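The structure displayed is predicted, hence computed values, not measured ones. In each ligand, atom 1 is the first atom listed, and ligand 1 is the first ligand listed. Quick note: numbers below take in every heavy atom, side chains included, and nothing from hydrogens, waters or symmetry partners.
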Amino acid sequence: MIELVQIEKHFQGQAVVHPLSLSIKEGEFLTLLGPSGCGKTTILRMIAGFEQPTGGQVWLAGQNVTEMPANKRDLNLVFQHYALFPHMTVEDNIAFGLKMKKLPRQLIKERVEEAAAMTQLTALRERFPHQLSGGQQQRVAIARAIANKPKVLLLDEPLGALDLQLRKSLQSELKHLQRTLGITFVYVTHDQEEAMMLSDRIVIMNQGKVEQIGTPRDVYAKPQTLFAATFIGENNVFSSPEGLFSVRPEKLVPQRGVAGRKTGVIEDVQFLGSVHKLLVQLDDEPMKVTIALDITEEHPWKIGERVGVNWNDKDEVMIGP
Ligand SMILES: Nc1ncnc2c1ncn2[C@@H]1O[C@H](COP(=O)(O)OP(=O)(O)OP(=O)(O)O)[C@@H](O)[C@H]1O
Ligand SMILES: [Mg+2]
């Protein structure tokens with residue numbers, strides 16, 4: 001559906017996106033994940049046509065659209081700061097793009113009703129934006145985009161401005177929408193949990209470069225770089241003569257006393273509901289490791305206790321030199 005061929009972007013001679021090639025399948029939920037400034041929005045804007053790549057090509061549905069203006073591309077963009085028209089009702093906001101396209105009145109009505117129903121806005125159709133909560137406003141922005149029935153929906157941190165509770169519920173709604181509509185989603189976030197929960201594949205970016213592309217399971221279990229290993233979830237990084245390797249907190253096993261591959265002192269015990277975590281200061285290295293334990297674990301651990309730290313060879317993931 002989307003084919004990026006060695007696209008890159010320079011601003012004032014400075015590379016902000018290094019050459020990137022990527023194929024996004026029809027109906028796929030693909031997420032660009034990375035810290036602030038790594039180039040996520042720039043990539044999205046190049047796909048949308050709001051930004052001209054310095055090099056490379058953008059293909060949409062088998063057509064080279066690199067030179068095609070944004071309004072001719074069959075896609076829609078939802079921004080982090082959704083701009084609703086304050087003087088228009090929810091209904092009119094959703095209908096706006098369809099009216100611009102001069103679609104027949106009856107078709108517009110049907111599309112608006114459908115989009116409002118899908119985003120659970122039917123009861124709020126007559127309201128104005130200032131009479132809506134942040135989450136409801138964001139749903140209007142999403143409804144407006146899906147009413148256009150684009151083949152591709154680009155979403156730039158669409159839930160970024162919302163509180164945690166609301167984000168969680170809208171995340172599920174978005175995923176559900178994407179599944180039912182079969183629209184290809186390219187989603188931008190810097191929230192790794194959100195990326196894990198929503199995506200078919202994640203592109204982990206750092207400083208304009210791709211660190212890794214893979215399914216949520218892949219990037220969690222088999223990170224390929226130090227950045228990928230530490231950006232997604234919590235991790236412990238050790239060095240060995242062969243290079244750096246990581247072991248996830250839930251793969252570390254504490255052992256009372258001093259026996260273990262490593263030894264240390266428990267510096268903190270954190271109860272987090274379903275798991276608890278031990279923070280262990282190692283004896284022979286200036287680093288702390290995190291161990292995650294099932295809450296059913298019987299013997300409570302105490303701060304200041306000496307502990308051995310063990311793991312299985314198979315849980316070591318090599319992440320670089
Ligand atoms: N028009 C511009 N002119 C010059 N530099 C720009 C321009 N737009 C973006 N940049 C720079 O390009 C880099 C990537 O910006 P971009 O907005 O793509 O990052 P991002 O990953 O979306 O970050 P965030 O998570 O903060 O939104 C940044 O260093 C930014 O300052
Ligand atoms: Mg951005």
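Residues satisfying the side-chain hydrogen bond (donor to acceptor under 3.5 Å, both in side chains) criterion with Thr31, sequence neighbours excluded, are Ser199.
Applying the salt bridge (Lys or Arg N to Asp or Glu O under 4.0 Å) definition to pairs two or more places apart or across chains, those involving residues 10-31 are Glu28-Arg201.
In summary, the atoms of ligand 1 found under 4.0 Å from a heavy atom of Cys38, numbered by their order in the structure, are 19 (O), 21 (O). Using a 4.0 Å cut-off to heavy atoms of Thr42, the atoms of ligand 1 that qualify are 14 (C), 15 (O), 16 (P), 18 (O). Of all atoms in ligand 1, numbered sequentially from 1 with element shown, those under 4.0 Å from a heavy atom of Thr41 are 17 (O), 18 (O), 20 (P), 22 (O), 27 (O). Within the listing of ligand 1, atoms 25 (O) sit less than 4.0 angstrom from a heavy atom of Glu157.
For ligand 1, the polar-atom distance check against Gly39 finds a nitrogen or oxygen pair separated by under 3.5 Å. Backbone and side-chain nitrogen or oxygen atoms of Gly37 are examined, and one is located within less than 3.5 angstrom of a nitrogen or oxygen of ligand 1. Inclusion of His190 in the set of residues having an N or O under 3.5 Å from an N or O of ligand 1 is not warranted.
In this structure, Gln12 is part of the shell of residues with a heavy atom less than 4.0 angstrom from ligand 1. In this structure, Glu51 has no heavy atom closer than 4.0 Å to ligand 1.
A heavy-atom distance below 4.5 Å is found between the side chains of Leu32 and Ile43.
Counted within 6.0 Å of NE2 on His10, heavy atoms from surrounding residues, nucleotides or ligands total more than 12; the atom is thus considered enclosed. The number of heavy atoms from other shown groups lying within 6.0 Å of NZ (Lys175) is above 12. Residue-environment remark: NZ (Lys101) exceeds the threshold of 12 foreign heavy atoms within 6.0 Å.
Neither side chain, Glu211 nor Gln224, offers a donor N or O lying under 3.5 Å from an acceptor on the other.
Residue contact annotation: Ser36 places no N/O/S atom under 2.8 Å from the Mg ion (ligand 2).
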